[in-house]
Each structure stands twice: as C-alpha cells, then as structure tokens.
Amino acid sequence: MNGRIAGKFPNLQFEPRLSDCGIAWGALLWCALGAASHAAEPVRIEVFPTTIKLAGLQQVSHLIVTGIESDGGVLDLTNSAELVSANKAIAKPQAGRIVSIGDGSTEITVRIGDLETRVPVEVVQCAVPNRVSFRFGVLAALSKQGCNAGACHGSPSGKGGFRLSLRAYDPSIDEHSLVRDAFNRRTNLLEPEQSLLLLKPLMKVAHGGGHKLRKADLAYEVLRGWIDQGCQADPAEQPQLVKLDLYPPVRTLHAPHFTQQLLAIAHFSDGSVRDVTRLTVFTTSDSGVASVDELGRVTGHDRGESVILARYLEQFATTSLTFLAEVPGFAWNNPPEHNYIDHHLFAKLRQLQILPSDLCGDSDFLRRVHLDVTGELPTPDETNAFLNDTDPTKRAKLIDRLLERPEYVKLWALKWADLLRVRSSKVSTGGVYKFHHWLVAAVRDNLPYDQFARQLLTAAGSTFVNPPANYFRSAADTDDCTETTSQLFLGIRIRCAKCHNHPFEKWTQDNYYGIAAFFTRVGRKSGPTPEEQIVWLQRGGEVTQPRTGKQMQPWLPLSGSIDLPGEVDRRQTFVDWLTKPENPFFAKVGVNRLWAHLMGRGIVEPVDDFRDSNPPACAELLAALAEDFVQRGYDCKHILRTILNSHAYQLSSRVTELNAKDAKYFSHAQTRLVPAEQLLDAICQVTGAPEKFAGMPAGTLATELPSPDGSNDFMRVFGQPARETVCACERSSDANLSQALQMINGPLVQAKLKQNDNRIRRLVQANKSNPEIVSEIYLAALCRRPDEVELTTATQHIEKASDRILGLEDVCWALLNSNEFLFQH
Amino acid sequence: MKRLALAWVAVALLPKASWSAPSISQVEPVSLSPGQAVDVTFIGGELTGASGVWTSAPATVAITPDLEGNGQKADRVTYRITLAAEVPRGPVGVRVVTPGGISNLRLLAVTERPSSMDKGPNHEKSPVIVALPAAVDGHIDAENGRTFQFSAGTGQRISFDVWARRLGSPLDAVLRVFDAAGREVAYLDDSETTGPDPRGSTVFATAGDYFVELRDVRYRGGGDYAYHMRFGDSDLPALPLPLVAPGVGTSVPEIMEQEPNNLPEQAVAAAIPGAMNGRFEVPGDRDYFQFEGKQGQRWLFIGQTREFGSAADLLMRLYKPDGGQHAEAEDAGVDEGVLDTTLPADGIYRLACEELNRRAGSDYVYRVNVQSYSPGFVLVVEQDKYDTPQATAFKTKVNVRRRDYNGPITLAVEGVEGLTLTDNVLGEGANEIQLTMTPPAGLVPGSINTLRIIGTAKIGETEVRVVANTTEALKRACNGLPYPPPALDGMIALGIALPPKQEEKK
C-alpha cells in the first residue's frame, strides 16, 4: 500500500524534516538590533537555516534570506534571492523552498546580486515511504484551515453534526469523529477525493462554513493522503511534539522594507526538527501595524510593534517585530527625564519616532493628580493655593501630601473591592463591610503587595473574624479559585483551559488542573451565625483532569509539577512561589495595575491579560517597574509616587502632529471618562450638594461605599461594576447615550443644581458678584480660572437671564456637561 | 430556681378594653451588678399594669417608686432589680409580666462593675469622657455611632469588651480607637470567642487622649441595638482550662492533656466515659489521648469549644490499635463536632485533636466529652413562651428526634402545680405531637410561671428521662444568638391573661 501511495502522490509534501540545521540562534540575535537609519543596499547576506537535512522524498525546508546593511540594519530578501542547487537530483529549489529529490549531499547557492552564500543540504531516506501522521499532519491541517475553531466544528456541540475537539486538543475525539462517527461517511477510502471531509470545505458539497480549502493547499494534500493511506492512527511510539520555534524571534524592519518571511520549526522528542511553516497558524497582535498571511509572510503597515503568534497544534511561538520609518519633521527634543520611567519610555518613543507632548500645565496636573490619587477634585482654595505657589518642587510635594490623604485609601480600597467582588451576593451583607474595612486598613497601612496577596491566598477561618477569608467565599469553588488567582495575580486568563487547551496561549488543560490542585483542599462550611462562612483546610483531596482522568499534581507556571505529600497547606507553597522576586508574573501584573490606573492604559492592556501574543507597550519599562517594586518590598505607594513624579505622567493630553496617532506608547496623557463614583462625588463637590446614600452616614462619598449593592442609576449608567467578575474590564469606561441624558437632564444633576443650600446659593447669599461666582465654579469644576472670553460670556448670560440664580445654574450646568469636566485629562 | 418577685395589682380595676401579651423592644440599662439595686426600664408595648418581672437568676424585684405614671404606661415600665450577690457573670434572662400575659425574653449582662448609662447622642465632636476602668450601657442609633474619650498612659494595655449579640441585640458592633490626630490605632470587630461582639485589648505606645467609636458595622441602629461595653485597664482573662470545673459542672473524669503529646506514642492516657481537655498552644499543635476499647463498643466523642466561648474549631480523628485512621469529625455551623463510632477491635485507641485551621492561643481550649452510646430521643418545643387566658387550655407542638428507639414517649410538665395534660403520649414511631395543656384556675392573670416539658420512656431496662429543649426558640428570641444561655434552655414561660369576659364584667 505504501508503494502505491508513494507512486500516486509524488508531490505529497508533509512532515518536512530538518535535522541538525546548525541553527545559530544566539549569533543571529543581533538582527533584532536594527539601526535607526536605513541604508539602501545590503553588504552581506545571511541564510537560515545554515544547513539543511531532509529525511524522506519531497520534504521541504524554507530558507530565510536576510540582507545585512552597512549600518547593521537588516531586510528580508527571501523572495528576491536566487537559489541554485549544485545537484538537482538530490535537492532543488521550488517556489523559494528546498525540496528533497534523492538521497545524498549537495549545496544550495543563495545569491543576491553580487552577494552569495552556500547552504549544505543532506537528503536521506527517500526510499522510505512517507506516512501521513494523523496528529502532526491531519490535525495540524484541520487547525490550519480553521475547521476545529470554536466558531466551527470545534464548538462543544460541533457544527452540522460534525464535532472536532477545539483546536485539536483531544485527538481521540477527532479520530472518532473523522473515522468512525456518522457511519464512516466523512472519509471514502476507495475514492479519497470523494470524501465528505474534502468535498465540503472545497464547496463541492454545500458547506455552512464556506470555502475553506483549496486543492493547492498543503492541507488538502495532507488530508487526501491520509485518507488514501487508510485513515491510519498514529503508532504509539510516535515522537511527541515538544517545542515550536519561530524564526526570526525578533526583528526590526525599516521602511520601505516592511516584509518578513517567517519560518516555523517543530521540535520532537526524538530530537528531530521539521519545517511546519505551511501547517502553522499565524496571527498578529496588532493588525494596524502588521498583518501576516497563511504562508507566514508578514507585511508591515505602520510604525510600531507587533507580535506574530505562531501555533502548531498545542505549541506556540512568537516573533516580535518592530517597524520603523522616518517621520518628516521628527527631531527628538530631549525632554527631561525625571526618573527611570522617562528613560525607558522616551527611548521607546524615540525609536518609534513619536514625539511626546509638552508637560501639562499646573491646572491640568492638579486636577489629574487629585482625581488619580484621591478620587476627588481639589477645593477652590486648594487650587488657588497650588496655582499661586511658585515652589519649583510643588508638584512633588503635592504628590506626597495626596498619598497621605484618607481619600487615597478609600479610592484604592474601592479598586480592590471591585476586583475581589465585594458585594453582598458574594460575601454576604455583613461580609461586605468587614472585608471592605480590611481593604481600607491594608491600603492605609500600605501593606506590601506580596503580603496582601499572601493574606488573601492563605486565609482561613471565619469570613467575619478574618475578612481575607472572603477571597475563598467569592471564589466559591476550586475552579473559581484557579481562575481568580491566575487572573488577579498572574495576569493569566486561564479559564479557557478548563475545558480544553487554551486556544490562543500556551496554557493547557493539564496546567489548569495543576494550578487547581493548590486550591482543591480549601473547604467551606456554615459559620455560627447565619451569614458567616468558615474557610478551612481539608486534610486531603486531589484534582482529577476530567479529560484524561489523571490525578493532577500541583503545577506552577514555568516551574512544572511539584510533589507536596502529606497534609500541608498547598496554598503556602503557591504563595511562596508567587511572591518570589524572580516570579515573572506577580510584580509585573501588580505594577501594571498601578500604571494603568494613573495612565489610563496598562503597559500590558488589558491589565490582566499577560500573554506572548499581547506584548507590553514597553517591555523595558515594565521590567524596570517590576524590579523597583520587588526591591522596595512591594511598596505600592512607592511605585505610585515614582510614576506620578515622572515626566511621562505629567505630559499634556494635547496631542501633536508627531504623536496624534499614538494610543499605546504614552506619548501624551490619555483622556478618559471620570469613573462613576468619582464623577458623582465631583458633581457633589462642584455643586456643593452632597449625596445621601441610604443606610450610610451623611457625608459618605460614593467612593467610600463598600459595595454597589444599593441601586444608584447614575453610577450604574457611568459604568460602576456590579462586581460579578475579577476582570478589571467589568468597569466600563465607554460613553453612551444614557450618560448624556443623565448629565443633560437627569434628576441627580438637576437636583444638585436646585438644592437650596448649594454652592451657587451660598455664594449669592454671601453677596458675591457674578464674576466671582463664575470664577469659583470654574475653580471647583475645572481647577482653573475662566479666561476672559469665558468669564465675559458667562457673565453676560447670567445678566440676560430672567432670574440670576437660573443663569448661574445654567453656567454650572454647562461646565458639568463639558468634556473638560467629564474627562480625566 | 424560682425567681418570682411579683407585685400583684388589682388588674380587674384597670381601665382596659382588651388585653394582649406585653412585648419588650428595648431595655435600659442592659446590665446588672450582683447585690446592687438597678432601675431597669422596659420599653415596648402593652406594658400597662405590669405586675412583675421574671428573672432567670435570683433577684428581688419591685416596681420603681416615685416615677410619674410608672406602671400605667403602655410603652414603658421601670423596675428596681437587685440581683442576689452570688449570681455569676454572664447573661441573665428577664421578662415582664402583665395581665395580658408574659413578654418576650430579654437578656441582661451580669457584671461586677456598675454601668453608667449612655444617653447619647455623643459622637466624635462631643464624646463622653470615661475614666478607666468603666462600663457603659446604651444603644446605637442608625447611621451613627457613639464616641467615648479616655486617657491612656505610655505602654498601657487597655481591654475592650462589648456585649451586644450575646445579649440578643441585633447590633453587629465594631469598635474603633483613634488617637487625637484621628488615626485609627485599634479596630475590633468579630471575635472567635464572642462572635459578632468585639473583644480584645491593645497596648498604647503613646500617652494621651484616645477616642473609642462604637457603631453597627452596617450603620444600622435603633432602640433595640443595645450594648454593654467594658473598658478595662488590663488584659482580658484567658479561658479557663478545663472549660468545665471538675466536680461542679461535670461528674465524669476530666483528663488534661500533658505536652508533649503531639505524637501517637506520647498520647495521654484517658478513661472513657470521661472528658479529655486541652489547649492548642502553638500553631499546628496536635494532642493525642489514648484509651482502651473493646470491639463492638459504640462511643460518642462530643467536641465542646465555641459553646464555652473557645476560639477553637475542633477536628477529631480516631486511630485504631493498628495505627490506621478509624473515624474523623469536625464541627459545622453551630453544631459542635460529634464522632459517633463503633470500635472494630479490642485494643488501645488514640484520639487526635487539632485545630481545624492549625491556629493556637490561650483561647483555643477544647473539651471532648466521651459518652457511651445509648438509644434515646431528643424533644424539641417550638416556642419558649405561651400566653393563655386563665384556666384555658392551649396547645404546644413537641417534636421528637429518635435515636434507635421507636417506642412510646410519655410527656409531663414540671414547674406548674396542677397543670393538666391531654394527648400526652407520643405513639410508637411518632415524631411530633400537639400537646394540650390546661393551667389550673388558681393561676391568676399577671402571675409568673415557668415550666419544663419532660419526656420519659423505658428503653430496654432503662428508664430514660429527657427535658425538651427550646434552643431554636431562644435563638429566634435573641436575634440568632448561636449559643443561648444553657440555663434558659427548656425553660418555658407561661403567661396567664385576663379572660375576655372579665373585661365585660368590668
């Protein structure tokens, strides 16, 4: 049979094998260090791989050809290189790839103009018939074509009666579906081309998923070949896939040379390697910067950075590509660096030729830092004092003062209460208040972040007596603990891996249940009082992986499985690992949250979604912040102070021509809607009409509320989270029509404006003039005095009004509805 | 234990159209000192013509004289109560009696130090200044707290002990101590030993004035949100070990653990039936006891911790003579752990006791009461008080939880002479009964009566006698108090109301 196959499919190209390529990864790393300027012609060329070994007939290897310019810059010349074989009976070039023809050794000459280099090629085992691997051929082909994607046959119930495991995470399901399910109707061993498996994606038979396969695709050849070979299962001794490499791992490209061919190489447990580029799925992290086609060809579209994620079965690899282009008019103006933040961030901006905005003015800074640190606006007196202060260090001094204010404490307690799901349905009504106070005390005492995590993750006892135990009340089962802990402290959204290997990341189902093994012994029982719950440590209990039925050992990311015999509290081991200074996740996730709060966007964004395919905007900055965090004993206040004092934080929100398109690299302050609670408090401050919350003492601020349990339409409309999830994304910052209606004609704003003893009426009673009142409203709302035009316009409006109070209310209403008030800037 | 101090008045002459049982929503103060006369005001409804106060501890009670309209008001009445000098610290139950019946139960704290009454409102701007040691009674208003000011010396340890939930108050108290600059220097909320009632001590590093804020954790409040707060100038006493004083509260051998006994081979010899006692001294402490057992013996190992105010959550594991684990028990909710097991072989068994979360400290004390298992039953009465017109029958539901006994159970009543029962036999297998009780005509309206329902049965050759408990009713009466005072359990108050026709005669 094998002989028949070999004769029938002479062009079958799959399982390409490369052995001993002589890949000098380290030596080629310099390619990433592309120079800022671009030279026109290469002075040298390099080829990867430097040697080729192909095992079997018609096996293929790509050759990546790189031109080295005189200044060290690089450009991809793969598509323009001339390839010449010294012996075409052994190997020959074909469509830019090297194809094995017969056993023996030869050499490929790679030529670019006058430049050339040679690549030795060895071909073996051409007489051995090729076997199509079910796993490495068929399943990879189905993944490549998207057949087993979540929206297609990889959904839990499949599509059209045909179910595949999501992205081939479970070969046994796939084998059953393809070979035995539906009375074998999907494969036709007598006439492979008539197999439903081929006819449907070719659209020879109606297919809801559309035209997914072409005869020219390698996937077609692989699937047809496998059917023709009798739909054989893989032998038990087949080597395992252990790693995927992507070449080049990192590269900087200069306009106009914005293309790069990628090469995906799979490593197997027997030491062999194979070029799997044509069966690898490629995706880009930023399609605005670069796109990648199905053959692994990257095309840059704009300045910036993009990570290309390659997935071959369950293995992932990434390439980080930077695209640089000369920007007319760009000249680095050497803005002062206040600290290491500016050093790293400005280096990135300079490399990308994005010029930062100017430093913001005192008014903007005052308003911004007050809202960011305390959640409140400064009073008019505070604003006047700051604006009149001529001390050159007044910003730093203000930052120090604000970080010691009680409002700082309640604002950060609010942020953590959001993430820890402090609401009555999760932790009981009494628990809300007790847990919230614990958070307040933790922030007030500047509890080091590692201790904060430790107290939460190792908590036990009564949720009322020991409030951190509520962590295990809101995370009410082992799965929830696994997902919550991963997302909160590791920045890993691992939920997908509960049911199958993570479709976009390297986390597997085994990993999920390995982490779960740390939390499976957490028990919960009723407490002495009805609302109370007791968290306790069971002396035994293991986690079983539902797909394999295997009992899982505790597993730590990047460390592996560990043996923890006996009745130990496994959570201690987890936290010991988590809070080690060298932990690659913990400190970075922590500082990223702090950064995102102040800068409006995480260095990694979303803040709790760290993955290879979602790279940091400035990896050096993130690393430096994390290192500082660790060295300073996980002192959150220190990091906040460092960021606040940076030049980067104090940049203006006004964009320039040289940074207008930047929404990622912090070249200017990011304007964003003031969060719900802060906005409500700000309206109360400006109008001088405090809000009274049911059941809470008079004077309680919205930011002080321990939970969102009391219904407040205004805050809900402005994105107050319900605290149902641990995702920071639950707090919405999107603008919507309801918000406009609330501000323009909503009952809350109207009531504040009309309240008898509000700011306007108090000022009128104090015999203040219209300009004085207008100025104070401007100071209260915008932290600045009105300019001449504003003051004149407002005063004239008041004077023309039939009722002076009404006119003043109009002015205040207009300011409350201005973007300058509604947005943090 | 009859504590009747009745000031009987001519109820028939009172101008009232109809009579309803009295109710109490608020008591001021909520503490009594043994041997000291205290005027206690009961606030509630239907208190007109109050004829007396029932107390669960020995006391003399008289209506307070010289108060205008005292005894004639529906919403309040004041009695002078003098507890007997020998009454120990702890809660004591009180009820007000009127011609309409008997009121709901309220608990008062018995304390050696007289309290001052916090009349409020006092807050951070106008705190009440107290000199230590001190005790204050009062209630918390909604959305507000109470603030007290005291002085502390450098390095002085000061204790705080709030009684609220332990008195059946709905107050979920939180106590915060601030320095003069407004910095929080201590925060006390729930405690492992006292539940929602804050209890603890703190050392003040700096001499100066300090401020205590007491409030409900959820900012709730009202007249019934009562509290009794003690400020001590020393640390709080640790729990005693053993929890039950030998020869006083127990008749079985009380075995004490002796460290080191963390390993099986270090087990302390114990006799069963008996009680094993210990304290978890250091985190992860494990105490082994050993005893000789016979194949087929069935024993109950009853853990006792929180009902005595211990912080311990007890985990018990029983090991066979061959060293293998035989059984395990830990408590859940308010139920203390019970290990009910039949021994599989003759030999030396070891009982390992440890704290469920491996915690330790002076308050982590435990007692394991080991009893031989025997068939029996538990009786449960759903109410802790009944009101009925004079000489008029009333019904009460009694539930039964049987334990390997399915035979008949005969019910009787103790405490009220002449009270007759009908339908007082629970038939074979029956799990509930509507018991009809008729008080004697001699029980007059306004009289104070308490009774207990007793069940008896002959199980094998043994006459078994069981007092019906009212635990759940007491919990309800005391705002969910998880461990009501044991002395009150099973004690049913009976109020006798004026019959309707008597009002017509008038």
Side-chain angles (χ1 to χ4, degrees), chain A residues 404 406 409 424 428-438 440-441 444-445 458-467 469 521-540 567-569 571-572 692-700 704-707 709-710, chain B residues 123-124 141-145 165 172 174 176 182-184 186-200 215-221 283-284 286 305-307 311-313 315 317 325 328 330-337 352 354-359 475 479-483:
Chain A
E404 296 307 315
V409 173
S424 59
S428 82
T429 307
V432 160
Y433 292 85
K434 295 168 197 293
F435 199 11
H436 183 257
H437 181 271
W438 181 82
V440 167
R444 180 197 64 205
D445 300 340
T458 61
S462 161
T463 53
F464 280 14
V465 178
N466 185 29
R521 293 181 178 177
V522 176
R524 299 160 185 85
K525 62 176 185 173
S526 320
T529 55
E531 280 197 324
E532 199 173 354
Q533 194 177 72
I534 307 291
V535 174
W536 63 288
L537 301 171
Q538 300 177 85
R539 274 22 179 196
E567 297 182 349
V568 297
D569 182 359
R571 302 176 307 170
Q572 297 283 356
K692 174 68 177 72
F693 299 100
M696 298 299 288
T700 302
E704 287 178 305
L705 294 174
S707 82
D709 289 320
Chain B
H123 44 75
E124 67 271 21
D141 293 324
E143 300 178 10
N144 274 302
R165 191 58 61 83
D172 185 354
V174 56
R176 303 167 78 192
R183 287 184 294 261
E184 185 181 279
Y187 178 89
L188 296 174
D189 196 348
D190 289 42
S191 148
E192 295 284 10
T193 56
T194 56
D197 292 344
R199 182 178 188 268
R215 63 169 170 85
D216 183 78
V217 73
R218 293 186 235 176
Y219 298 98
R220 299 169 306 171
R286 182 180 289 181
T305 52
R306 291 181 295 194
E307 65 180 279
D313 201 344
L315 170 65
R317 287 189 275 193
Q325 183 173 319
E328 176 177 325
E330 52 88 13
D331 63 355
V334 296
D335 298 328
E336 304 281 352
E354 57 189 294
E355 214 285 325
L356 192 60
N357 283 313
R358 303 187 173 98
R359 296 167 301 184
K475 287 181 186 177
N479 276 305
L481 180 65
Y483 304 105

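Only heavy atoms go into these numbers, but all of them, side chains included; no hydrogens, no water, no symmetry mates. Lettering of chains follows the sequences in order, A, B, ..., and the numbering in each one begins at 1.
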Checklist outcome for this item: From the list A:Thr700, A:Asp569, A:Leu537, the residue making the most non-hydrogen contacts under 4.5 Å with chain B is A:Leu537
Checklist entry - For A:Val432, is it the side chain, the backbone, both or neither that has a heavy atom under 4.5 Å from a heavy atom of chain B? => result neither
Next on the checklist: Please identify, among A:Glu532, A:Gln533, A:Lys692, A:Gln538, the residue contributing the most non-hydrogen atom pairs under 4.5 Å to chain B.
Outcome noted: A:Lys692
Next on the checklist: Show the nearest heavy-atom pair for residues B:Asp313 and B:Arg359, with the distance to one decimal.
Outcome noted: CB-NH2, 4.0 Å
Next on the checklist: Under 4.5 Å from any heavy atom of chain B, what part of A:Thr429 do you find: side chain, backbone, both or neither?
Outcome noted: both
Item to check | B:Asn144, part contacting chain A, at a heavy-atom distance under 4.5 Å | outcome: neither
Item to check | Separation of B:Lys475 NZ from B:Tyr483 OH (nearest 0.5 Å) | outcome: 8.0 Å
Item to check | Residue list, salt bridge (Lys or Arg N to Asp or Glu O under 4.0 Å) with A:Glu567, at least two apart or on another chain | outcome: B:Arg286, B:Arg317
Checklist entry - When the ring planes of B:Tyr219 and A:Tyr433 are compared, do they come out parallel, tilted or perpendicular, using 30° and 60° as the limits? => result perpendicular
Checklist entry - Heavy-atom distance under 4.5 Å to chain A: side chain of B:Glu355, backbone, both or neither? => result backbone
Checklist entry - What pair of heavy atoms forms the shortest contact from B:Val217 to B:Asp189, and how long is it? => result CG2-OD2, 4.1 Å
Item to check | Per-residue contact mode, B:Arg220 against chain A (heavy atom under 4.5 angstrom) | outcome: neither
Checklist outcome for this item: Sequence neighbours excluded, the answer for salt bridge (Lys or Arg N to Asp or Glu O under 4.0 Å) partners of B:Glu328 is none
